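Following: one structure in structure tokens, then a few remarks.
Keep in mind it's a predicted model, so treat the numbers as computed, not measured. The figures here come from the full heavy-atom set of this structure, side chains too, leaving out hydrogens, waters and symmetry mates.
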Amino acid sequence: ITPEYKGKIKVHIRDKDGKGNCIGVVRNGRTRILEAERDGSYLVFELDEPSEFTVLHKRGSGWKIAGIIMLALGILIIICILVKKKLEPDESSDDLKDKNDEKSKKEKVKEAE
């Protein structure tokens, strides 16, 4: 005698990799995706009736990777700007050099006379 059970079945399945985040349930040859909650190293979900299922891995959003790349590029640009400013000679020191050159030229002209 097999007892009949009506109601939801709560399933706890161990996810060894820890990368699973949803469940694929196969019914009548079609796969349906169920969301699962993580409880430590287990995924927990409910079924309406006994079914075949598998742990699935949803692909992560490309926005995270794009955000990290944009942040890295921003930091690189800031570093380049700071290094460029540090390597550029100051305009004020150029003005002083020009004035000193003019004074030395005037002194040489006076000495020559």
Could you please spell out the steps behind the side chain to side chain contact (heavy atoms under 4.5 Å, CB included) verdict for Leu47 and Lys8? CA-CA 6 Å; Leu47 294 173; Lys8 294 194 178 253; over 6 Å; no

Applying side-chain contact (heavy atoms from CB on, under 4.5 Å) to Ile81 and not counting sequence neighbours gives Ile77, Lys85

My understanding is that only residues two or more places apart in sequence, or in another chain, count here; which of them pass side-chain contact (heavy atoms from CB on, under 4.5 Å) with Lys10? His12, Val44, Glu46

Is there a path from Ile9 to Val55 through hydrophobic residues (I, L, V, M, F, W, Y) whose side chains come within less than 4.5 Å of each other? yes

To the nearest 0.5 Å, what is the distance between CD1 on Ile23 and CD1 on Ile33? 9.5 Å

My understanding is that only residues two or more places apart in sequence, or in another chain, count here; which of them pass side-chain contact (heavy atoms from CB on, under 4.5 Å) with Arg32? Arg27, Leu34

Tell me the closest heavy-atom pair linking Ser51 and Val26, and the distance in Å. CB-O, 4.1 Å

Once salt bridge (Lys or Arg N to Asp or Glu O under 4.0 Å) is applied, do any residues pair with Arg14, and if so which ones, sequence neighbours excluded? none

May I ask whether Ile65 and Leu73 are part of the same hydrophobic cluster, defined by side-chain heavy atoms of I, L, V, M, F, W, Y residues being less than 4.5 angstrom apart, directly or through others? yes

Apart from Leu82 itself, what residues make up its hydrophobic cluster, given side-chain heavy atom links below 4.5 Å? Ile78

According to side-chain contact (heavy atoms from CB on, under 4.5 Å), who are the partners of Ile75, at least two apart in sequence or on a separate chain? Leu71, Ile79

Point-to-point distance, once rounded to the nearest 0.5 Å, from CD of Glu37 to CG of Leu43: 10.0 Å

